[in-house]
Amino acid sequence: MELSTFFQQLTNALSLGSLYALIAIGYTMVYGILRLINFAHGDVFMLGAYFAFYAVTALAMPWWVAFVVALALTAAFGMGLERVAYRPLRDSPKISVMISAIGASFLIENVGIVLFGGRPKSFPSIPLFDTVVHFGSVSMLSVSLFIPVITAVVLGALLWIVHGTKTGLAMRAVSTDLDAARLMAIDVNKTISLTFGIGSLLAGVGGIMWTMKYPQLNPLMGVMPGLKCFIAAVIGGIGNIQGAVLGGFLLGMIEIMIVAFLPELTGYRDAFAFVLLIVVLLVKPAGLLGKNQTVKV
Amino acid sequence: MLRIENLSVHYGGIHALQGASFEVPEGKIVTLIGANGAGKSTSLKAIVGLVKPSSGSITLNGESLVNLATKDIVRRGVVLAPEGRRIFPNLTTEENLELGAFARSDKAGVQADKHKMFQLFPRLEERRKQKAGTMSGGEQQMLAVARALMSRPKLLMMDEPSLGLAPLIVKMIFDIVRTIAAEGTTILLVEQNAKAALEIADYGYVLETGRITMSGPGKELLANDGVRKAYLGEGL
């Protein structure tokens, strides 16, 4: 294998890993705060892409305005989803909330098929992201360079919110002990809503960048990435933001490298995520960065 | 200041509080004593809005607290240091204290109070950057009390602050309760350690299976034969 091919694949892996990381964070944040797997998260990712698509095509907005609008809508949708599908079940058994999440996922997908049409749509070209860049003999789409940079910026902002602000402190408190957080005069509902908003916003960023890289949209495009990013979050240690990032990058890296170096196994690329999940769960059930919780009495 | 009338609370089929009435006058230390399951913790949880009463009234200076959310009750100065301490184990001592002051926006005042807490509990200053879950039970209880004080409560309610602690630490915690009260904070103390609680209390109530069965000044209850037999472990 030539060095240039290696670098080519490395950038591919880096941008795919970034996208996985962004989506995985949404799973992990919601799990951290509600102990709930938001099965509709992959569909929120899909909606982010469609919002951007319609803002650019139907509403003829400049792409950057369209992206901001799409992100705001995606975040609002995530918060609405929590309000409608999860909050009424806050005190119900976990299994009810999980069923509600699966139902929400199917609902969004099927309403998507009705509203957006089942036929794939292609995202209009945006020159800034579509140019081919050359580094020596390595050539790639400019979007593959943008994705890791944008991801890094978003991650930095997220970590600052969680660890550097009062809101983040409230989020960490709510994720540890709901009632104790209430006793601190924290508005628990608002904090949970905000968590969904942030997670959905990140899924929106992921969805939009995904369509820049793979410019085809269809209402089921969120299913496979959603599933893989859930796996990424579990591999990294669910509930742990850094873990989700690690899991996302690991998954993206492995997936691309398998396609690149073992082309005969390309058909199994999706299966590797699941194999990795099984292996990690067998060896380290709490995930790579997850800690087995100890309770002091 | 705080008046509870005919308070009833049901948990599913269990009638945990069956029409209890008591009051906490401003500036006093009041204690609720009673056996396990008598409804002591339930009373405190109902006051602070963590459980919904099925009937009865809870009023703070004439205003009903019954339909308020916990955060709004806390913002009115009614604060609970809950049973089992419930500190945030994965956050540092300092972050726990900041959470105690969550409703306040006067940054300088919060900072000053933090230092005040470190004077009151020098051990906490040593553990400032340490994850609260790694501290000893006594240190965690100090943190729970300090965290509650960070909100500058008007009425501080404490649920079993002595539970599981060494006698020396218990004494220290009760000394601090007395200090806090002397500075003007009203205290509602729930305890199984009836002797220690009655010794510092201005007034005490005995709760039995969801009802108040006896009440009186702390010293009087301490001398009462029934109380001595049932709660102070003294045979007659």
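Computed from a predicted structure; not experimentally measured.
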[X] portion near chain A, given a 4.5 angstrom heavy-atom threshold:
| X | answer |
| --- | --- |
| B:L80 | both |
| B:L99 | both |
| B:R76 | neither |

Taking atom [atom1] as the centre, does [X] end up with more than 12 heavy-atom neighbours from other residues, nucleotides or ligands that are less than 6.0 angstrom away?
| X | atom1 | answer |
| --- | --- | --- |
| B:Y11 | OH | yes |
| B:K52 | NZ | yes |
| B:R3 | CZ | no |
| A:R83 | CZ | no |
| A:K284 | NZ | yes |
| A:L282 | CG | yes |

Say you draw a straight line from [atom1] of [X] to [atom2] of [Y]; how long is it, rounded to the nearest 0.5 Å?
| X | Y | atom1 | atom2 | value |
| --- | --- | --- | --- | --- |
| B:M157 | A:L183 | CE | CG | 8.5 Å |
| A:L169 | B:N96 | CG | CG | 8.5 Å |
| A:D187 | B:R75 | CG | CZ | 8.0 Å |
| A:K166 | B:K107 | NZ | NZ | 8.0 Å |
| B:E95 | A:H163 | CD | NE2 | 8.5 Å |
| A:R182 | B:I73 | CZ | CD1 | 11.5 Å |

What is the minimum heavy-atom distance between B:F88 and A:T176, and which atoms define it?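 Shortest heavy-atom separation between B:F88 and A:T176 comes out as CD2-CB, 3.9 Å.
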
Grab the two heavy atoms, one from A:A180 and one from B:R86, that are nearest each other, plus how far apart they are. CB-O, 3.7 Å

Just give me the residue among B:V48, B:V78, B:I87, B:N90 that pairs up with chain A most often, heavy atom to heavy atom, under 4.5 Å.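 Winner by heavy-atom pair count: B:N90.
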
